[in-house]
Amino acid sequence: MQVRCPSCGRLYSSLIPLTCSCGEPLGITYDYEGVNVSAWRDRKPGVWRYRELLPDVRKVISLNEGGTPLLKAKLGEELGLNVFIKDETRNPTGSFRDRLITVALSYGLPYAENGFVVASNGNAAASLAAYSARAGVDAYTVVPRLIESGKLNQIVAFGAKVIRYGESVDEGISYAEGLAEGKGLYNVTPESNIIGLEGQKTLAFELWEELNPTHVVVPTGSGSNLYSIYKGFVELMEIGAIEEMPRLIAVQAEKCSPIASEILGVEPRAEPTKALALYVKNPVMKELALRAIHETDGTAVMVGEDELDLGQRLLASEGIFAEYASAVIVPALLKLAEENYFERDDRIALIVTSSGLKGHYSETREKFSIGGTKLDILRLLSERVMYGYEIWEALEKPLKYQAVYQHLRELESLGLIGESHRKGRRVYYRLTDKGRKFLETLSE
């Protein structure tokens with residue numbers, strides 16, 4: 001793999017941005033003539049199965065991502081269509097971003113002097129936290145104030161540094177770039193370094209091996225996944241595996257629709273949506289996403305807030321628990337089917353990008369929500385070691401004594417507190433380094 005600007009000739013080896021400093025768009029290419037797809041069949045499923053079309057790395061950091069199930073949808077039978085669901089919730093941290101991070105982190109290890117950083121609305125941050133823990137390196141995650149607690153809990157549990165910045169992920173991209181420069185971190189934000197997109201494109205390779213779809217329906221926020229899938233299919237054409245591109249269909253929430261609005265010729269909106277992972281007001285990769293749609297003769301669909309619960313319920317009836325940002329694909333499918341957009345023999349792939357366990361409603365359902373009483377306990381233990389009854393008295397809340405121990409067990413299981421010492425039957429608790437970092441994060 002070599003990346004040289006076709007305009008000015010500048011060579012890139014570590015951080016590869018979307019465009020060269022001269023303004024020319026950059027792309028990663030390979031020796032396509034040397035690719036033998038039959039070799040793929042002898043390897044285990046997963047991202048690194050397709051290593052001839054991935055960047056060279058010294059050491060692969062993997063949690064066995066990729067190779068996710070493709071399920072025939074019952075809903076398709078009701079519609080009289082061939083509909084299949086690609087279930088990316090089955091990746092190690094529950095989202096498609098594991099494909100991005102395994103490649104970006106493995107490639108970036110030699111350049112990560114002091115660790116890694118990513119600007120993310122949650123999924124990529126949780127993934128980086130997990131893979132950095134696996135690699136034994138530090139991770140910094142820049143996430144917006146509007147983030148689902150399920151994702152935040154993942155990041156904290158894996159021990160990454162959390163920096164809350166801005167209302168949406170758009171504002172965190174430049175902050176992460178500054179942090180990378182100031183602290184000597186390797187930036188894996190896809191808008192700042194497109195290496196990770198090479199991992200995401202493997203979703204297209206799997207779809208080709210399993211289905212060779214005619215249409216791919218993709219939840220779209222930043223546009224990076226849509227473009228990655230497009231690049232994967234372009235490379236399949238380069239190596240002669242396919243002769244025709246599938247149509248790519250971008251799905252956005254009506255409240256935040258910078259890409260879909262342009263395709264559909266309507267006024268865009270940029271408001272917070274329940275599908276928080278799609279809340280990207282000014283996507284840096286918008287032009288690339290639009291190119292992917294136009295060049296595959298695809299389209300876009302916008303989904304209302306009142307349709308999100310329906311999408312989630314219908315996916316649940318297929319045995320898949322998806323977050324709202326993924327559930328948009330179902331009402332989109334229904335709308336297109338009603339418009340007779342599909343032919344009977346089409347092969348339609350719906351991409352479920354992330355698990356419902358990460359969703360915004362986790363604030364009420366998530367067992368390990370960090371807030372309220374748990375936060376009060378962390379703050380008490382930041383001052384001194386204490387035992388359970390002592391903590392209960394200090395809380396000064398109408399709370400059962402036994403409930404304090406439930407909170408203590410959950411905080412201990414997250415690694416935020418630990419046993420300091422025992423005196424008789426009393427167990428004294430202390431704040432761990434992870435717990436202290438978590439409190440520091442909240443004060444920033």
Side-chain angles (χ1 to χ4, degrees), residues 15 17 93 95 97-98 100-101 104-105 108 111-193 196 221-222 224 272 276-277 279-284 354 358 360 362-363 366 368-371 374-375 378-379 382 411 414-416 431-444:
L15 280 171
T93 73
S95 91
R97 289 300 196 187
D98 291 342
L100 177 136
I101 294 299
L105 187 141
Y111 309 105
E113 181 183 348
N114 295 315
F116 292 86
V117 64
V118 69
S120 162
N121 50 20
N123 282 325
S127 184
L128 177 64
Y131 282 75
S132 293
R134 178 72 175 172
V137 295
D138 290 336
Y140 292 73
T141 62
V142 180
V143 298
R145 286 188 290 272
L146 293 176
I147 181 175
E148 295 97 334
S149 61
K151 295 172 185 175
L152 192 59
N153 288 344
Q154 272 188 303
I155 299 166
V156 171
F158 289 125
K161 174 74 170 177
V162 184
I163 300 164
R164 306 288 286 274
Y165 187 85
E167 183 189 63
S168 72
V169 68
D170 309 78
E171 300 163 59
I173 294 171
S174 59
Y175 187 93
E177 289 173 350
L179 198 64
E181 185 175 348
K183 288 186 172 289
L185 306 172
Y186 187 79
N187 191 352
V188 296
T189 306
E191 291 82 359
S192 306
N193 181 6
S222 69
S224 77
L276 267 182
Y279 182 41
V280 185
K281 296 183 288 186
N282 299 295
V284 175
S354 181
K358 296 164 170 267
H360 79 280
S362 61
E363 291 183 58
E366 173 59 52
F368 296 127
S369 179
I370 308 297
K374 289 186 179 66
L375 197 54
L378 291 177
R379 286 174 175 148
S382 71
L411 288 170
L414 285 172
L416 300 178
L431 198 65
T432 64
D433 288 340
K434 185 187 291 188
R436 201 168 299 280
K437 287 179 182 178
F438 178 74
L439 284 181
E440 289 171 2
T441 295
L442 295 180
S443 65
E444 290 178 350

Enquirer: Using the test salt bridge (Lys or Arg N to Asp or Glu O under 4.0 Å), find all partners of E167 that sit at least two apart in sequence or belong to another chain.
Expert: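 Salt bridge (Lys or Arg N to Asp or Glu O under 4.0 Å) list for E167, sorted by chain: K281.
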Enquirer: Report, one line per pair, each donor and acceptor closer than 3.5 Å where one atom sits in a side chain of residues 117-128; sequence neighbours left out.
Expert:
from : atom 1 : to   : atom 2 : distance (Å)
S120 : OG     : G122 : N      : 2.8
S120 : OG     : A124 : N      : 3.3
S120 : OG     : A125 : N      : 3.1
N121 : ND2    : A277 : O      : 2.9
N123 : OD1    : S354 : OG     : 3.2
N123 : OD1    : K358 : NZ     : 3.2
N123 : ND2    : E323 : OE2    : 3.3
N123 : ND2    : S354 : OG     : 3.4
S127 : OG     : D98  : OD1    : 2.6

Enquirer: For T432 and G415, indicate whether the former's side chain and the latter's backbone hold a donor-acceptor pair under 3.5 Å.
Expert: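 Yes; at least one donor-acceptor contact below 3.5 Å.
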Enquirer: Does anything in residues 113-138 pair up under ring pair (Phe, Tyr, Trp, His ring centres under 6.0 Å), and if so which pairs, sequence neighbours excluded?
Expert: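 Ring pair (Phe, Tyr, Trp, His ring centres under 6.0 Å) check on residues 113-138 returns F116-Y186.
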Enquirer: What is the minimum heavy-atom distance between R97 and S222, and which atoms define it?
Expert: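 Between these two residues, the closest heavy atoms are NH2-OG, 3.9 Å.
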Enquirer: For the CZ atom of R436 and the CG atom of L378, what is their distance to the nearest 0.5 Å?
Expert: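 Reported to 0.5 Å precision, the distance equals 10.5 Å.
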Enquirer: Of all heavy-atom pairs between Y279 and P272, which one has the smallest distance, and what is that distance?
Expert: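 Smallest heavy-atom distance, with atoms named: CE1-N, 3.5 Å.
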Enquirer: With heavy-atom distances below 4.5 Å as the criterion, would you say the side chains of L100 and P190 are in contact?
Expert: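 Contact flag for L100/P190 side chains = yes.
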Enquirer: State, to 0.1 Å, how close T93 and Q154 come at their nearest heavy-atom pair, and which atoms those are.
Expert: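 So the minimum-distance heavy-atom pair works out to O-NE2, 3.1 Å.
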Enquirer: For D138 and G115, indicate whether the former's side chain and the latter's backbone hold a donor-acceptor pair under 3.5 Å.
Expert: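 The answer is no, because no donor-acceptor pair under 3.5 Å joins these two groups.
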Enquirer: Begin from the C-alpha positions of S132 and L105 and carry the test side chain to side chain contact (heavy atoms under 4.5 Å, CB included) through to its verdict.
Expert: CA-CA 8 Å; S132 293; L105 187 141; 3.5 Å; yes
Enquirer: To the nearest 0.5 Å, what is the distance between CZ on F158 and OG1 on T141?
Expert: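 F158 atom CZ to T141 atom OG1 measures 12.0 Å (nearest 0.5 Å).
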Enquirer: For the residue pair R164 and I147, establish whether any side-chain heavy-atom pair is separated by less than 4.5 Å.
Expert: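 Answer yes - side chains close enough.
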Enquirer: Drop me the distance from L414's CG to K374's NZ, to the nearest 0.5 angstrom.
Expert: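 Separation between the atoms: 8.5 Å.
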Enquirer: When rounded to the nearest 0.5 angstrom, what is the spacing between OH in Y165 and CG in L179?
Expert: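 Going from the OH atom of Y165 to the CG atom of L179 covers 11.0 Å.
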Enquirer: Verify, without hydrogens or angle tests, whether E191 (side chain) and I173 (backbone) share a donor-acceptor contact under 3.5 angstrom.
Expert: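 No, the answer is negative, given that no donor and acceptor are paired below the 3.5 Å cut-off.
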Enquirer: A quick test of your reading: do over 12 heavy atoms of other residues, nucleotides or ligands sit less than 6.0 Å from CG of D433?
Expert: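 Counting neighbours around CG of D433, 12 or fewer heavy atoms of other residues, nucleotides or ligands fall under 6.0 Å, so no.
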Enquirer: Flag the pair L439 / L431 as yes when at least one side-chain heavy-atom distance between them is below 4.5 Å, and no otherwise.
Expert: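 Result yes, sub-4.5 Å side-chain heavy-atom pair found.
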Enquirer: Identify the two heavy atoms, one from K434 and one from V156, that lie closest to each other, and give their separation to 0.1 Å.
Expert: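 Shortest heavy-atom contact: CD-O, 3.2 Å.
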Enquirer: Find out whether L375 and F438 are in side-chain contact, i.e. whether some heavy atom of one side chain is under 4.5 Å from a heavy atom of the other.
Expert: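 Of all side-chain heavy-atom pairs linking F438 with L375, at least one is under 4.5 Å.
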